[in-house]
Amino acid sequence: MALKLTITKVKAREILDSRGNPTVEAEVVVETETTGKKTVSRAAVPSGASTGQFEAVELRDGGSRYRGQGVTKAVKNVNGKIAKALSGKNVLRQRGVDERMLALDGTANKEKLGANATLAVSLACAKAAAKALKMPLYRYLGGVGADGVPIPMMNILNGGAHSDNNVDIQEFMILPVGAPGIREGVRWCAEVYQELKKLLKSRNLSTAVGDEGGFAPNLSTDEEAIEVILEAITKAGYTAGENKDFMISLDVAASEWKAGNQSEEESETEGNSVVRYCLPKKQQVYTSDELIDHWEQMIAKYPIYSIEDPLDEEDWEGWKKLTERIGDRVILVGDDLFVTNVKRLHKGIRMGCGNAILIKPNQIGTLTETIDAIRLAKEYGYITIMSHRSGETEDTTIADLSVGLGTELIKTGAPCRGERTAKYNQLMRIEESLG
């Protein structure tokens, strides 16, 4: 007889994320059919500051409460429509659970129920199933294939929408590519982070941190940010470069730089849908082609492993040109471009745009759709990177997802702030359990 774990209760509540804004936490209770034992699990969803326009809808209340950021509508949807629809369902049938919520919403972007409502329930269901089966979540999701941990991409210097400084690139990350595992990788990164703090202090620069725990000093150029990080790597006793200890990654968030659409005449000349980019803090202007040239110069000058969102989410022709130009030398990561959405990823694959995808479950709204995006990416040789959001919670689910679903890398901030270190601590526990 097939095992059945029956959903007996679904409940949500409003909690706070790391920026002090409300978010949704869902609680799911399941009952083991053969024993009657009840199992309870919870999951909370994060929220982004720099969000792509094609992400699934994060349902907010509007009005004056919490400055319009309340999520009582999403909570009500969980406690009412979703709870009723999932009552009596077998939690082991994750795809069936998620498809029931998708049908209940009935929209392409989850605007009725809210992706924050559906994802909280979807993840809580998976966690409840794993707990009832007395399995770690990563093992429940990945089976025997869950046998390794991802390389961390630690955001140690912030700019863009993640800070109030004068740096336009949103994230400067370090990757301990030479580390033998996550425990040593975390240690290496933490040591570099502390050296960076000392360096900034010695230059009378701010060591206040941004949303993701990285420092947010005012610097003369974005390149200076890379150079001070490389100096910190050296002072910590490590090396930077290909086949060495560390590489550097950038999250540009270029959709925040888009300055306007081009004219028909310019479109015929340039072949791009976005004519110019304007760095919002330094007010420097680039055309799409000039920005492509800029990134090519950057990877020639510095040990850059990957560049995330180097162009706008609608600049498909620019992405294609950039991938053709430097895609064999650097990882080009689509975040706003793909938004964990298989339809947009299919388009990127077809056009030859990028060679990696950032995976943010709250961009799409269910675990099943997240899994589908990872599977499609892997089928076509795209690197997969599990990611947090700038507004996080202490929930560590993405650490288990990264191991269970086999993403090569994970982004979850600096080795600073509890909501960030919680994920790294969970990855170290998982590595220990893998032996």
Side-chain angles (χ1 to χ4, degrees), residues 18-19 46-55 152-175 193 196 206 208-229 247-259 274 277-284 286 291 294-295 298-299 302 304-313 315 319 322 330-340 354 356-360 362-363 385-392 409-414 416-417 419-420:
S18 60
R19 287 202 300 260
S47 177
S50 172
T51 56
Q53 65 174 304
F54 300 104
E55 293 190 24
M153 306 173 77
M154 287 204 185
N155 173 13
I156 64 170
L157 198 148
N158 290 180
H162 287 179
S163 72
D164 295 326
N165 64 1
N166 66 348
V167 177
D168 282 295
I169 290 177
Q170 187 163 277
E171 298 175 20
F172 297 82
M173 293 167 279
I174 52 173
L175 287 77
Y193 183 79
L196 178 59
S206 172
V209 300
D211 287 345
E212 297 180 0
F215 302 114
N218 284 318
L219 300 169
S220 58
T221 64
D222 287 358
E223 285 84 352
E224 186 184 353
I226 298 175
E227 288 164 2
V228 74
I229 289 172
M247 292 284 282
I248 304 290
S249 285
L250 309 175
D251 176 6
V252 178
S255 294
E256 304 281 341
W257 296 3
K258 182 168 61 174
V274 179
Y277 294 83
C278 179
L279 279 62
K281 297 179 180 180
K282 293 192 172 60
Q283 291 298 299
Q284 186 172 358
Y286 292 96
L291 196 52
H294 175 68
W295 299 132
M298 288 281 277
I299 68 164
Y302 298 110
I304 295 175
Y305 178 85
S306 68
I307 308 176
E308 180 183 328
D309 284 348
L311 297 169
D312 181 69
E313 60 204 346
D315 193 357
W319 269 92
L322 180 66
V330 68
I331 303 300
L332 297 171
V333 186
D335 175 17
D336 292 344
L337 184 71
F338 296 138
V339 291
T340 319
I357 180 173
L358 204 68
I359 300 295
K360 293 176 173 174
N362 84 315
Q363 285 181 327
I385 305 167
M386 186 61 64
S387 178
H388 63 162
R389 300 307 297 259
S390 54
E392 261 296 338
L409 301 132
I410 186 169
K411 278 181 61 176
T412 188
C416 170
R417 299 180 54 138
E419 76 280 358
R420 314 293 156 182

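Computed from a predicted structure; not experimentally measured. Keep in mind that the numbers below use all heavy atoms, side chains included, and drop hydrogens, waters and symmetry copies.
What you find for Asp222 and Phe172 is that their closest heavy atoms are O-CE2, 3.6 Å. Residue Ala208 comes nearest to Ser206 through the heavy atom pair N-OG, 3.1 Å, listed as atom of the first residue, atom of the second, then distance. In terms of heavy atoms, Ser306 sits closest to Met153 at OG-CE, 3.5 Å. The shortest heavy-atom contact between Lys282 and Thr221 is CE-CA, 4.0 Å. Closest heavy-atom contact between Gln283 and Cys278: OE1-SG, 3.7 Å.
Separating the CE atom in Met386 from the CG atom in Leu358 is a distance of 9.0 Å, to the nearest 0.5 Å. Rounding to the nearest 0.5 Å places CG of Asp315 at 9.0 Å from NZ of Lys258. With rounding to the nearest 0.5 Å, the separation of CD1 in Ile229 from CD1 in Ile174 is 7.5 Å. Rounded to the nearest 0.5 Å, atoms CG (Asp312) and CD (Gln53) are 7.5 Å apart. With rounding to the nearest 0.5 Å, the separation of CG in Leu311 from OH in Tyr286 is 12.0 Å. Interatomic distance, Asn158 CG to Asn165 CG, rounded to the nearest 0.5 Å: 8.0 Å.
Note: Tyr193 and Phe215 have parallel aromatic rings, judged against thresholds of 30 and 60 degrees for the angle between ring planes.
Between Ile169 and Trp257 there is a side-chain heavy-atom pair separated by less than 4.5 Å. Taking the side chain as every heavy atom from C-beta outward, Leu332 and Trp319 approach each other to under 4.5 Å. Side chains of Asp211 and Arg19 form a contact here, defined as non-hydrogen atoms less than 4.5 Å apart. The side-chain heavy atoms of Leu196 and Val228, taken from C-beta on, include a pair separated by under 4.5 Å. Proximity of Glu308 to Ser249: side-chain heavy atoms (C-beta onward) are nowhere separated by under 4.5 Å. Looking only at side-chain heavy atoms (C-beta outward), Leu322 and Pro310 come within less than 4.5 Å of each other. Residues Glu171 and Lys411 meet the side-chain proximity criterion, which asks for heavy atoms closer than 4.5 Å.
A donor-acceptor pair is defined here as one N or O able to donate and one able to accept, closer than 3.5 Å; such a pair exists between the side chain of Asn166 and the backbone of Leu219. Not a single donor-acceptor pair under 3.5 Å links the side chain of Lys281 to the backbone N or O of Asp168. Put simply, the side chain of Asn362 gets close to the backbone of Pro46: a donor and an acceptor are under 3.5 Å apart.
The closest side-chain donor-acceptor pair between Asp335 and Gln363 falls under 3.5 angstrom.
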(Q) What verdict does the side-chain contact (heavy atoms from CB on, under 4.5 Å) test give for Ile299 and Ile307, after you've listed the backbone C-alpha separation in whole Å, the side-chain angles of each residue and the deciding distance to 0.1 Å? (A) CA-CA 9 Å; Ile299 68 164; Ile307 308 176; 3.9 Å; yes
**Q.** Steps toward side-chain contact (heavy atoms from CB on, under 4.5 Å) verdict (Gln170, Asp309)
**A.** CA-CA 10 Å; Gln170 187 163 277; Asp309 284 348; over 6 Å; no
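Partner of Met173 under the side chain to side chain contact (heavy atoms under 4.5 Å, CB included) criterion, chosen from Asp251, Leu157, Leu409, Ile248: Asp251. Remark: of the listed residues Arg389, Glu212, Glu392, Arg420, Arg420 is the sole one forming a side chain to side chain donor-acceptor pair (under 3.5 Å) with Ser18.
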